[in-house]
Amino acid sequence: MEEHYNPQEIEPKWQFRWAEQQLYRTPEDDSRPKFYCLEMFPYPSGDVHVGHVRNYTIGDAVARWHRMRGYNVLYPMGFDAFGQPAEAAAVRHNAHPATWTYQCIERMRGQFRRLGNSYDWDREVVTCDPEYYRWNQWLFLKFLEQGLAYRSHAPVNWCPKCEFVLSDEEAQGGKCWRCDGPVTKEDREQWFFKITDYADRLLGDLQQLEHWPERVRTMQANWIGRSDGVEFAFDVVGSDQKIPVFTTRIDTIFGVTYVVLAPEHELVDRLVTDGEMRRKVEAYRAEVDAKTNVERLSEEAKAGLRLDVEAINPANGEQVPIFIADYVLLGYGTGAIMAVPAHDQRDFEFAHAHGLPIRVVIQPEGEALDPATMDSAHIGEGVQVNSGQFDGLPNTEAQVKLAEWLEERGVGRRRINYRLRDWLVSRQRYWGTPIPIIYCETCGTVPVPESDLPVVLPPDLPYAATGSILPQAESFVKTACPRCGASARRETDTLAQWIESCWYILRYTDPKNNEMPFSREAADRWLPVDQYIGGIEHAVLHLLYSRFFTKVLYDLGLIGFQEPFTRLFTHGMLLQDGAAMSKSRGGVAPDDIIARHGADALRTYILFIAPPGQEADWQEGGIEGISRFLNRAWRAVAGRADAFAPDWRGRIADTSDDTAAALRRSTHQTIRRVTNDIERWHFNTAVSAMMELVNAMTELGDRASEPDLRLAYSEACEHLALLLAPFAPHLAEELWARLGNRESVHLAEWPAWDDAIAQEEQITLVVQVNGKLRDRLTVAPGTAEHDLESQALASPRIQAHLEGKSIQKVIVVPDRLVNIVAR
RNA sequence: GCCGGUGUGGCGGAAUGGCAGACGCGCCUGACUCAAAAUCAGGUGGGCCUUAGGCCCGUGGGGGUUCAACUCCCUCCACCGGCACCA
């Protein structure tokens, strides 16, 4: 009986059997409640490392646990195979994106199998498959019909290193989301999705997402950036031009001392007619262009140029100078502002730099602001002054009154403004969904008819390290106009890969449908996703886009729900020596660890290392500890098969032995702890609890086979196998089988505990004097308060500490402690 | 600058306002062994004393609430992450 725990043998064995039995196939018609568990799918980079494994291990444990809890679980996997990350990985390895991608997918499938993840592979989705992107194109056409997809000539974010346009979300902070390099502006004609039409719903519905991390909701809310204000226009002296501005501080309108336009604002060209002035404007624009964002922000004084025209403040008829300055952004609001240096810090700094007047129109209570001595703008509340008929009003009130006043006079209107801008979806890349559009000389922009889908990416092109090769592919570009039949040209931009990942969650519910992207019936049955698991880096990008898509699909009547993800979990990064783990840094590869310690050890260690939401530091010694634990579990169950009594359940009630009772107590306490810990996602303490049970079992040694203990020991063995199932599925399965079970442990029911058995017989009661621990008493649980008090007071140790003091108060917490307050 | 997170032994980390440090790593001692590995048993926050025992200190710093604070409140510090001229 010198058989020992050998993960290299049992893991492949069970993986093979699970696949053979289709154990993880999702039944479609099933009366059990559904649970859709999903991890953000990976892009096939070819470099799977341990950091990623954390994501998949958490998901698998959650999926397995829900199955055992009686849910019909949908737990699929697929590959985000299109797009720049996948293409870049291919190019880096000097391969055609298609060849490379499918090779990687094959490798990763093997890796997932070796990890023991319980995916339903029958539902696999690969986004670069024409059968998938066909529906991506179909959905694009639906967006087009709805007026939600449009082409526009506009300055767009451009990453010179990737030779690639970026959406605003991808260019956060002026840095490319892939290469981290600086982003510039380029003028180009591109396809956009009208996500701004959904800004209000995307913001408002965040409130429903109570099971999302607060910070993700905050990040999205900030990104959408709603602000309520007033839009009105300044007349220009000696011209019929008007300068529209947006402000959230209409209460400060009487404090305007100048107006600023963004340097690129198209109005500037109409306002400036004089040749000399024009040259200055051009020079200034060139200067601004040359500076990076960082340079602009780090400048001491705010730069700007005064134009030779003036504007009229509609509130008081005053004439004020007009500037262009780069602190005003073209893309936000109207691209022009009213400047109130007394009450806006940026305007204050600009006014100082350019010697402009500062006029206080809001006086804070109990203070008299003097423009000559102010060293910063007064942003806060106060009472209106220098504001005509509004003087004396609290500014919060004036805000309403002034808005009404301007609206009545037809000068302005209340408006809600968003920071969110439309979503740029064109990519100048080969490896993506071809946009199903044809340009015809006579008919213009013509959508490809649905019956002609998919527009297939030409497979036999030579790959290129940079830029797109599609425009050079004549066989692809040259086509006939679907309307008039004349020769025409295909769109050569492809779609951002975010689009495929907006609805893959739906395709999983109906992956083989060739009539539709998915059936509404399947979608409504499974969605929303009950548990979504992924990295925080997608807090704005993927999660915002998916939410937008879901709302559009709802409006199209394709689905019956408006939010895709009920619960979101963002796990922490797995670090090595304080930095993100990666192969290039000599990080450990999952396959190496599996070869050395087994997948179960890897999984259990990842769950044990820290609470999953936190960052965690990989330590080689840690996994050895887990290996040891699994070994001990093996020896405790498989190594003592002689002690196991299959019929323990029927006979155990008669057990009266103290040691047996103690073991039973441990078993039931462990079931309780593991269950509660998994429920609150504290997998690390769940593993600790199982370790304690195994330690208790091991301590018994050979006594396990004694008649008095056998039954309790059998109960412990059986439950240990069940509790291990979500963490170490192969070991659990092997032990379960050795205990004589024919059916998989993963089809078994999660065990229940009995509070009466788990109940401690004796409780250690802490006795404190003035809050300091002075003695411990052993009492029965549920001992009455007054008994606890008198026992505590009777203790000789306590007596000693009470010497010369008088008791003020005695606090008794039943089953916990007695605290005697004495002076 | 703004917003969020984190701060506990040598290390990863535990603790519904009620015994701080569960569990694991590492380390120390012992058993087994010719020896080592593996395994098993015991110990392991710091300081102090008259050392069967006992006392004091201790959860980033300071203050507060409370009989009682890692936990709640205020304030400061450090590190990590996000946003950053958004009118």
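Here is how names work: the chains are called A, B, and so on, in the same order as the sequence lines, proteins then strands, and each is numbered from 1.
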Please pick, from B:C85, B:A87, B:G18, the nucleotide with the shortest atom-to-atom distance to any side-chain atom of A:Phe246.
B:A87
Euclidean distance for C1', B:C72 against B:G1 (whole angstrom):
29 Å
Taking only the C1' atom of each, what is the distance from B:G26 to B:G13 in whole angstrom?
14 Å
If we ignore angles and hydrogens, is there a donor and acceptor under 3.5 Å between the side chains of A:Thr764 and A:Gln762?
no
Across the strands shown, which category fits A:Arg776 at heavy-atom distances under 4.0 angstrom: base, sugar-phosphate, nothing?
base
From CG of A:Asn631 over to C1' of B:U39, roughly how many Å is that when rounded to an integer?
10 Å
Got a second to check how far A:Ile820's CD1 is from A:Gln768's CD, nearest 0.5 Å?
9.5 Å
The correct list of stems in which RNA chain B takes part (3 or more consecutive Watson-Crick or G-U pairs, distances under 3.5 Å) is B:1-7 with B:77-83, B:10-12 with B:23-25, B:26-31 with B:39-44, B:45-49 with B:53-57, B:60-64 with B:72-76
Result of checking A:His668, A:Arg672, A:Gln669 against A:Asp755 for side-chain hydrogen bond (donor to acceptor under 3.5 Å, both in side chains):
A:Arg672
Would you classify A:His801 as touching base, sugar-phosphate or nothing, given that sugar-phosphate means primed atoms plus P, OP1 and OP2, and contacts are heavy atoms under 4.0 Å?
sugar-phosphate
With no hydrogens and no angle check, do the side chains of A:Tyr545 and A:Glu169 hold a donor and an acceptor under 3.5 Å apart?
yes
Out of B:U39, B:A84, B:A15, minimum distance to the side chain of A:Arg419 belongs to B:A84
Check the distance between B:C79's P and A:Asp617's CG and give it to me in whole angstrom.
19 Å
Taking syn as a glycosidic torsion within 90° of 0 and anything else as anti, which one is B:G17?
anti
Enter the distance from A:Arg54:CZ to A:Ile606:CD1 here, rounded to the nearest 0.5 Å.
8.0 Å
Toward the 5' end of RNA chain B, which comes first, A:Glu692 or A:Thr247, by nearest nucleotide?
A:Glu692
Does B:G4 have OP1 or OP2 under 4.0 Å away from a side-chain N or O of A:Arg217?
no
When you measure from the side chain of A:Arg816, which nucleotide among B:C57, B:G18, B:A87 comes out closest?
B:G18
For A:Phe323 and A:His354, what are the C-alpha separation, side-chain angles and deciding distance, and is it a ring pair (Phe, Tyr, Trp, His ring centres under 6.0 Å)?
CA-CA 10 Å; A:Phe323 284 78; A:His354 296 264; 5.8 Å; yes
If you restrict it to nitrogen or oxygen atoms, what contacts under 3.5 Å exist between nucleotides 24-26 of chain B and the protein, and what is each distance?
residue, atom, partner, partner atom, Å
B:G24, OP1, A:Asn695, ND2, 3.1
B:C25, OP1, A:Arg628, NH1, 2.9

Considering non-hydrogen atoms only, spot the tightest contact between A:Arg419 and A:Trp223 and give its length.
NH2-CE3, 3.5 Å
Which one, B:A68, B:C85, B:A22, comes nearest to the side chain of A:Asn819?
B:A68
For B:C19 and B:G7, measure between their C1' atoms and round to the nearest Å.
24 Å
Heavy atoms only, 4.0 Å cut-off, all strands: where does A:Ile609 land among base, sugar-phosphate and nothing?
sugar-phosphate
Assert yes or no for the condition that the ring centre distance of A:Phe350 to A:Tyr258 is strictly below 6.0 Å.
yes
Between B:G10 and B:U44, how far apart are the C1' atoms? Round to whole Å, please.
11 Å
Expressed in whole Å, how much space separates the P atoms belonging to B:G60 and B:A14?
14 Å
To the nearest Å, how far apart are A:His352 NE2 and B:C85 C1'?
17 Å
Applying a 4.0 Å non-hydrogen cut-off, can you work out what A:Ser227 is touching in the nucleic acid: base, sugar-phosphate, or nothing?
sugar-phosphate
Anything under 30° is parallel, anything over 60° is perpendicular, the rest tilted; go ahead and classify A:Phe683 against A:Trp681.
tilted
To the nearest angstrom, how far is A:Arg774 atom CZ from B:C55 atom P?
5 Å
Could you check whether A:Gln768 gets within reach of a base, just the sugar-phosphate, or nothing at all, counting any heavy atom under 4.0 Å?
base
Over how many whole Å does the gap from A:Leu817 atom CG to B:G18 atom C1' extend?
4 Å
Take A:Asp228 and A:Arg414, measure what salt bridge (Lys or Arg N to Asp or Glu O under 4.0 Å) needs, and give me the verdict at the end.
CA-CA 8 Å; A:Asp228 292 52; A:Arg414 270 175 275 214; over 6 Å; no
Does the side chain of A:Thr196 pick up a donor-acceptor pair with the side chain of A:Asp422 at under 3.5 Å?
yes
Within residues 777-785 of chain A, find the residues that approach RNA chain B with a heavy atom at under 4.0 Å, and present them sorted by residue number.
none
When rounded to whole Å, the NE2 to P distance for the pair A:His682 and B:G12 reads 18 Å
Taking any heavy-atom pair under 4.0 Å as a contact, classify A:Val813: base, sugar-phosphate, or nothing.
base
Within the structure shown, what part of the strands sits under 4.0 Å from A:Val687 by heavy-atom distance: base, sugar-phosphate, or nothing?
nothing
Touch check for A:Arg680, heavy atoms < 4.0 angstrom, all strands: base, sugar-phosphate only, or nothing?
sugar-phosphate
Determine the Euclidean distance between corresponding P atoms of B:C23 and B:G42; express it in Å to zero decimal places.
12 Å
Considering only atom C1', compute the distance from B:A15 to B:A69 and round it to an integer number of Å.
13 Å
Phosphate OP1/OP2 of B:G12 contacted by A:Asn684 side-chain N/O (<4.0 Å)
no
Nearest non-hydrogen partners of A:Ala728 and A:Leu630, listed with the distance
CB-CD2, 4.2 Å
Measuring only between side-chain heavy atoms, which start at C-beta, is A:Phe234 closer than 4.5 Å to A:Met338?
yes
Shortest non-hydrogen separation from A:Val694 to A:Ala633 and the atoms involved:
CG1-N, 3.8 Å
B:C57, OP1 or OP2 - any side-chain N/O from A:Lys772 closer than 4.0 Å?
yes
Short side-chain donor-acceptor distance under 3.5 Å, A:Thr659 and A:Tyr713:
no
Write down the distance separating the C1' atoms in B:U39 and B:U33, rounded off to the nearest Å.
12 Å
To the nearest angstrom, the CZ-P distance between A:Arg797 and B:C55 comes to 8 Å
Rounding to an integer number of Å, can you tell me how far A:Leu630 CG sits from B:A38 P?
17 Å
Want to settle it: does A:Asn222 or A:Ala610 sit nearer the 5' end of RNA chain B, counting the closest nucleotide to each?
A:Asn222
